[in-house]
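Take a look at the structure set out below.
No experiment lies behind these values; they were computed from the predicted model shown.
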Amino acid sequence: MPFAAEDFEFMARALRLAERGLYTTAPNPRVGCVLVKDGRVVGEGWHERAGEPHAEVMALKAAGAAAEGATAYVSLEPCAHQGRTPPCSDALIAAKVARVVAAMPDPNPQVAGKGLQKLRDAGIRVEVGLMEEQGRELNIGFVSRMTRGRPWMRIKIAASLDGKTALANGVSQWIGGPDARRDGHHWRARSCAVMTGIGTLKDDDPRLTVRDVETTRQPLRIVVDSRLRITPEAKLLDGGAVLVATATQDDAKARALKVKGAHVVVLPNAEGKVDLLQLTQHLGSIGINEVLVEAGINLDSALLRAGVVDELLLYLAPLLLGDAGRGMLDLGNLTRMEQRLELDIRDTRLFGPDLRVLARLGKA
């Protein structure tokens, strides 16, 4: 049965509610719920953070007795398992809703259709797939972690129009303008982690914190440092969670970093570098949904070669730095056009004078 116009209207509202948890729900998905009866919204809610009530429970609480016989529009399949909160499917059944419309099934193996089936078994009319692409995009990192065991990896690069990220001597501040930098902080805020390399840490000593966006949490900060060259004086270690990924076993240095609150993981590959695929799998195992990489050409290129990059977030400033400047990515010496890296451009927009391009690798 095709969905009616009002179904799209109310699901769009549920998705907008889900976006309110953009910066706060991790490691849980962002979910919104709208309860509608006789064409009128009787209750709505969204999930704000892990351990707190889910969107359906919040909407049911707002609706009270009016939930009986209502249609629940929810941006993700209601859960069917007992976690830190009771199953939402049970709450919808107890409230005697008549119909549930879900944007998409939950990719979590603990749910994966079980919530929808439980609702059907209780005699509730269930429909799924309304605005599914929008629902998936909202939780792309959660979907990645549940289906691939690793987070969605997004590389952020600020460059000139001729593709240079710095002058030949390494000077790069500031290629992008303040509006572009502010937008970059929104992407930091929505990410579970921000990753950089030891080269960027040595050159710029960044904090990698969210500063231009109001948020109640800071992302995990990750440093890829094969030879464990980070020092306890690095600004990045001043408060907040930090993970240092290395290929070097040095217990004394690891203890000194632990005193500063950092956790060190040793993940060497055959070349004595950090095994980046293993690192992403480790991040998935600790509940990291989205990673924003803010690094230099070496780590960015290594991540590409490891096959763990999903998306590029490019800020192109209206200036030229010339052929001697530092490039964006090292793709090796390509000799055939078939070796090119193809991108799927998903969005372009201006932030001040800077052009932001959001592109995915191939058809990711």
| query | Under the criterion side chain to side chain contact (heavy atoms under 4.5 Å, CB included), which of Asn108, Leu138, Leu76 is the partner of Pro29? | reply |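 Among Asn108, Leu138, Leu76, the one meeting side chain to side chain contact (heavy atoms under 4.5 Å, CB included) with Pro29 is Leu76.
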| request: Hey, could you give me the CG/CZ distance between Leu313 and Arg346, rounded to the nearest 0.5 Å? | output: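 Between Leu313 CG and Arg346 CZ, I get 14.0 Å after rounding to 0.5 Å.
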| message | Nearest 0.5 angstrom please: Asp251 CG to Thr248 OG1, how far? | response |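 Between atom CG of Asp251 and atom OG1 of Thr248 there are 11.5 Å.
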Check whether any side-chain heavy atom of [X] lies under 4.5 Å from a side-chain heavy atom of [Y], and answer yes or no.
X: Leu283; Y: Met195; answer: yes
X: Glu44; Y: Cys33; answer: no
X: Asp106; Y: Phe142; answer: yes
X: Cys192; Y: Pro219; answer: no
X: Val97; Y: Thr71; answer: no
X: Val293; Y: Met153; answer: yes
X: Thr335; Y: Gln339; answer: yes
X: Leu243; Y: His282; answer: yes

| request: Please determine which of Glu290, Glu137, Glu19 meets the salt bridge (Lys or Arg N to Asp or Glu O under 4.0 Å) test together with Arg190. | output: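 Between Arg190 and the candidates, salt bridge (Lys or Arg N to Asp or Glu O under 4.0 Å) is satisfied uniquely by Glu290.
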[Y] versus [X], side-chain donor and acceptor atoms under 3.5 Å:
X: Thr209; Y: Arg207; result: no
X: Arg49; Y: Thr216; result: yes
X: Ser160; Y: Asp162; result: yes
X: Arg145; Y: Asn289; result: yes

Ion pair present between [X] and [Y], side-chain N to carboxylate O less than 4.0 angstrom?
X: Arg349; Y: Asp347; answer: yes
X: Asp183; Y: Arg181; answer: no
X: Arg356; Y: Asp179; answer: no
X: Glu338; Y: Arg340; answer: no
X: Arg360; Y: Asp310; answer: no
X: Asp212; Y: Arg188; answer: no
X: Arg13; Y: Glu9; answer: no

| said: I need the single residue from Arg217, Arg30, Glu214, His186 that forms a side-chain hydrogen bond (donor to acceptor under 3.5 Å, both in side chains) with Tyr23. Which is it? | reply: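 That would be His186.
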| Hey, does the side chain of Ser226 reach the backbone of Val274 with a donor-acceptor pair shorter than 3.5 angstrom? |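 Checking the backbone N and O of Val274 against the side chain of Ser226, a donor-acceptor pair under 3.5 Å is found.
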| query | Can you name the nearest heavy-atom pair linking Leu17 to Gly32, along with the distance? | reply |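 The pair with the smallest heavy-atom distance is CB-CA, 4.2 Å.
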| said: Looking at every non-hydrogen atom in both residues, tell me the closest pair between Thr25 and His47 and how far apart they are. | reply: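 Scanning both residues completely, I find the closest heavy atoms to be CG2-O, 3.2 Å.
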